[in-house]
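To keep things clear, I will list the structure first and then write my remarks on it.
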Amino acid sequence: MMRLKVFSLLCCCFISTAIFAQDTSKTNKPDTAVKVKKLKEVVIKNKKTDFGFSHLKGVENFGIYEGKKSEVIIPDQLVANLATNNARQIYSRVAGLNIWESDGGGIQLSIGGRGLDPNRTSNFNTRQNGYDISADALGYPESYYTTPTEALEQIQIVRGAASLQYGTQFGGLLNFVMKKPVKDKPFELTVRQSAGSYNFYNSFTSASGTVGKVSYYTFFQYKNGDGFRGNSDFNSYTGYANVNYQFNEKSKLGLDFTHMNYLAHQPGGLTDDMFAEDPTQSNRERNWFKVNWNLFALHFDHKFNANNEFNLRLFGLSASRYTVGFRPNRVATADDGSEPRDLIKGDFENWGAEGRYIKRYNLFNKPSVLLVGVRYYHGLNHSIQGYGSLGKDANFNFLDPDKLILNDYRFPNRNVSVFAEHILRLNEKFSIVPGVRFEYINTKANGFYAAKIPSNIPTDIDLGARTYEPRSNQRQFVIAGLGLSYQPTESTNVYANLSQNYRSITFSDMRIANPSAEIDPNLQDEKGFSFDVGIRSQQTKFYSYDVSAFYLNYNNRIGEVQTYDASERIIRLRTNIGQAVIIGVESYAEADFLRLLKPESEDWSAVLFTNTALIKSEYKRSDITAIKGNEVEFVPRLNFKGGLRLGYKNLKGSFQFTHLSDQYSDATNATKGDASAVVGLVPAYTIMDVSMSYEYKRYKLEGSVNNLANAYYFTRRATGYPGPGILPSDNRTFYLTLQVKL
């Protein structure tokens, strides 16, 4: 009852604010109202350099980004391997990103930054067209679905300051924006066929058009491959449909549906010795992973007038992820098929609604912008873990559902948020952007766990009595932030932002069944703040740059440390490690030197880019012995990417160089891997990539050689699936794509 009252009150506040703002716009005096004048069409003949990278405008798509560090990637302008969603190339201009590269098919994306765990991009608020795509934005923010890059118009990233508008994630916002329907024809077909190393095949077909008031964009993608290691074959199907109806110039309704399912063989992890001996080997042939993802979204946009706009998104998720396999703590242990496999099933049924209202008006004779919004989110997730079959196939049935279940939990959660941001312009060059967000969060756990969790189990063992464990955690709080924006010249923008951040305990933090892992029963939510200050280019033709410094204060950081139980066994304990402070400088610069020297030349281009992040991290406080003063895991001190792109008319070629220094995989800063290889150093690695593209009329040919020098390296030590242990990254691979547009 309290939830409904709170939600009703917040909705009333939101609607009242919108009505008040609407009434204010009608009663403004003529000399203070925003005047709208229809301008004649302007044709720009001098084409802007297509770097494939920029940043968000101050106000864009029902969001305020003034005074925030933001990045926009435009995939169509990149010369990169899009067929496999090669994150190293696609995100090469985004400074400071740490990318886990253990999925050669590009089915899943794992990126983090500034010391945040890259695992399935779980520290970003991950969205598609503005709505959630993760398993549970609050309770389990891992993204098992990744939008195919070939279907994207933009990838938008907003750093920590996004917490006020999009929710409580330290990493910020990651929004995949799908391509829009073509406006000038009823039907356009694009077919892309790709082939590559290890029997990789990718087929991508899209259709788009506009007929009267109806517009649409849809695609279907199929991909499969064997992978560069044994037991790493996969196949994947992804489909998407967007249909829009334009009622009139002011109102528009859109419907999205996304379906993705894939089955992947998992080769398991390696020890340090196994990796040194042969990185391509696998001693796991019974491990499988299956995902079924269904996303729904309804968009309604209404423009009351030039100064008042409203957007409503209704969205939902019906999905599952199943995994089965043999995963002992000792990675080198051979699997003779005599033991039942560990089976984990997760089912997700979530839905929500988010409304936004933007008001443009004059304050003290200066144009200002107010954004207010409200969000309701309902999640119901079911997680069950037990013992699966003895076979080798992708069998996701429990061996004995009545006896051999280790835990069975339902995780209902509710979230109500109200947020507001305001651009207050003091003059033509300087603006202040305050913001605030109220959160009501109620997470629950209802279920049981077995009394015994043995490491080896015959089929006739009795796990003992079940312990039922209902848990509830209800809290409400307010976070705030302040942004500054100063534009000394037309082509330069100075920005700064200080915002509070918050991250809720996920349901995987609440209960786990693993003989070598434990969870601290007193685990607390993570809190902190992030600060950015930088200078960047604004609307330049031949060069682009963004140089910034950041400070991230991460309190109650959750992570894993090695400890011992009463039997002196090594145990991984998941707990609040302490206060982590991460500071650094992130810089990006890109210039077309040929066009700088000869602006009249439109045929030739030579674009040089560099992307450097220098980061220092430290645990300032911790109650755990020998943690204080250690470096934070997942933080390479040097993260460098650079490259050159040469072009002549429609022929383009690119070279990219990537180097990351050593990084630790856990808070104890262990350098040597143990028997499980879960902890230990992730050594520095250097990778080179070469790509080309040529476009002729309706045809386009693309090719890539990734990891040109055939380096053997790894970016990740997995703690569970798809490991545990070292997950090697792909060696040298080749890809070729043919595109036809009709």
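Between the side chain of Asn98 and the main chain of Pro636, no donor-acceptor pair closer than 3.5 Å is present. Here the side chain of Ser122 pairs a donor or acceptor atom with the backbone of Asn119 at under 3.5 angstrom. No donor-acceptor pair under 3.5 Å is formed between the side chain of Ser499 and the backbone N or O of Gly160. Without hydrogens or angle criteria, Arg127 side chain to Asp132 main chain gives no donor-acceptor distance under 3.5 Å. The main-chain N or O of Pro683 is never found under 3.5 Å from a side-chain atom of Asp662 such that the two would form a donor-acceptor pair. Although no hydrogens or angles enter the test, the distance criterion places a donor-acceptor pair under 3.5 Å between the side chain of Asn85 and the main chain of Thr149. The closest donor-acceptor contact from the side chain of Glu66 to the backbone of Gly58 lies at 3.5 Å or more, if one exists at all. A donor-acceptor pair under 3.5 Å is absent between the side-chain atoms of Asn493 and the main chain of Ser485, judged by distance alone. Within the 3.5 Å criterion, the main-chain N or O of Lys641 finds no donor-acceptor partner in the side chain of Asn611. Not one N or O on the side chain of Ser691 forms a donor-acceptor pair closer than 3.5 Å with the backbone of Ser654.
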Residue pair Leu174, Ile111: steps toward the side chain to side chain contact (heavy atoms under 4.5 Å, CB included) verdict: CA-CA 10 Å; Leu174 175 62; Ile111 61 174; 4.0 Å; yes
Are Asn311 and Arg356 close enough, and set up right, to give a side-chain hydrogen bond (donor to acceptor under 3.5 Å, both in side chains), and what steps lead you there? CA-CA 5 Å; Asn311 167 260; Arg356 290 171 175 248; 5.6 Å; no
Tell me, with the steps shown, if Phe53 and Phe609 meet ring pair (Phe, Tyr, Trp, His ring centres under 6.0 Å). CA-CA 11 Å; Phe53 186 79; Phe609 87 91; 9.2 Å; no
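Taking 4.0 Å as the cut-off between side-chain N and carboxylate O, Glu421 and Lys68 count as a salt-bridged pair. Ion pair Glu309/Arg360 flagged as a salt bridge, since at least one NZ, NE, NH1 or NH2 atom sits closer than 4.0 Å to an Asp/Glu carboxylate oxygen. Classification of Arg88 and Asp730 as a salt-bridged pair fails, no side-chain N sitting under 4.0 Å from a carboxylate O.
Closest approach of Val632 and Ser617 over heavy atoms only: N-OG, 3.1 Å. Contact record, Phe228 with Ser729: CZ-O, 3.1 Å, taken as the closest heavy-atom pair. Scanning both residues, Thr84 and Phe200, for their nearest heavy atoms gives CG2-CZ, 3.5 Å. Across all non-hydrogen atoms, the minimal contact from Met178 to Asn129 is N-OD1, 2.9 Å. Heavy atoms only, all atoms of each residue included: Phe62 and Gln165 are closest at O-OE1, 4.4 Å. Scanning both residues, Gln154 and Gln156, for their nearest heavy atoms gives OE1-NE2, 2.9 Å.
The list of ring pair (Phe, Tyr, Trp, His ring centres under 6.0 Å) pairs with a residue in residues 75-113, not counting sequence neighbours, reads Trp100-Phe634.
For Tyr222, the OH atom sits in a packed shell: over 12 heavy atoms of surrounding residues, nucleotides or ligands are nearer than 6.0 Å. Residue Lys180 places its NZ atom among more than 12 non-hydrogen atoms of other residues, nucleotides or ligands, all under 6.0 Å distant. Heavy atoms of other residues, nucleotides or ligands lying less than 6.0 angstrom from NZ of Lys700 number more than 12.
The cationic atom of Arg159 (NZ for Lys, CZ for Arg) does not lie both less than 6.0 Å from the six-membered ring centre of Tyr551 and within 45° of the ring axis.
From Thr715, atom OG1 reaches atom CG of Leu660 across 9.0 Å, with rounding to the nearest 0.5 Å. We find the CG-OG distance between Leu651 and Ser693 to be 7.0 Å, quoted to the nearest 0.5 Å. Summarising the geometry, atom CD belonging to Gln656 is positioned 7.0 Å from atom CZ belonging to Arg93; distances are rounded to the nearest 0.5 Å. Expressed to the nearest 0.5 Å, how far NZ of Lys429 lies from OG1 of Thr492 amounts to 10.0 Å. Distance CG/Asn123 to OG/Ser110: 11.0 Å, rounded to 0.5 Å. Atom CD of Gln663 and atom CG of Leu681 lie 8.0 Å apart (nearest 0.5 Å).
A donor-acceptor contact closer than 3.5 angstrom links the side chains of Gln193 and Ser203. Between the side chains of Tyr713 and Glu101, at least one donor N or O sits under 3.5 Å from an acceptor N or O. Side-chain polar atoms of Asn707 and Tyr685 form no donor-acceptor pair below 3.5 angstrom. Inspection of the Glu142 and Tyr144 side chains reveals an N or O donor paired with an N or O acceptor under 3.5 Å. Side-chain N/O atoms of Gln169 and Asn125 include no donor and acceptor closer than 3.5 Å. Side chain to side chain, Gln128 and Asp256 fail the donor-acceptor criterion of an N or O pair below 3.5 Å.
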Please report, to 0.1 Å, the donor-acceptor pairs under 3.5 Å made by any side chain of residues 735-742, with sequence neighbours excluded.
residue : atom : partner : partner atom : Å
Thr737  : OG1  : Ser194  : OG           : 2.6
Gln739  : OE1  : Arg192  : NH1          : 2.8

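Checked against side-chain hydrogen bond (donor to acceptor under 3.5 Å, both in side chains), Ser548 has the following partners two or more places apart in sequence or in another chain: Lys69.
When side chains are defined from C-beta on, Lys649 counts as touching Asp603, because their heavy atoms get closer than 4.5 Å. At a threshold of 4.5 Å between non-hydrogen side-chain atoms, the residues Trp604 and Leu646 do not count as touching. The shortest side-chain heavy-atom distance between Pro181 and Tyr216 does not fall under the 4.5 Å cut-off.
The aromatic ring centroids of Phe204 and Phe219 lie less than 6.0 Å from each other.
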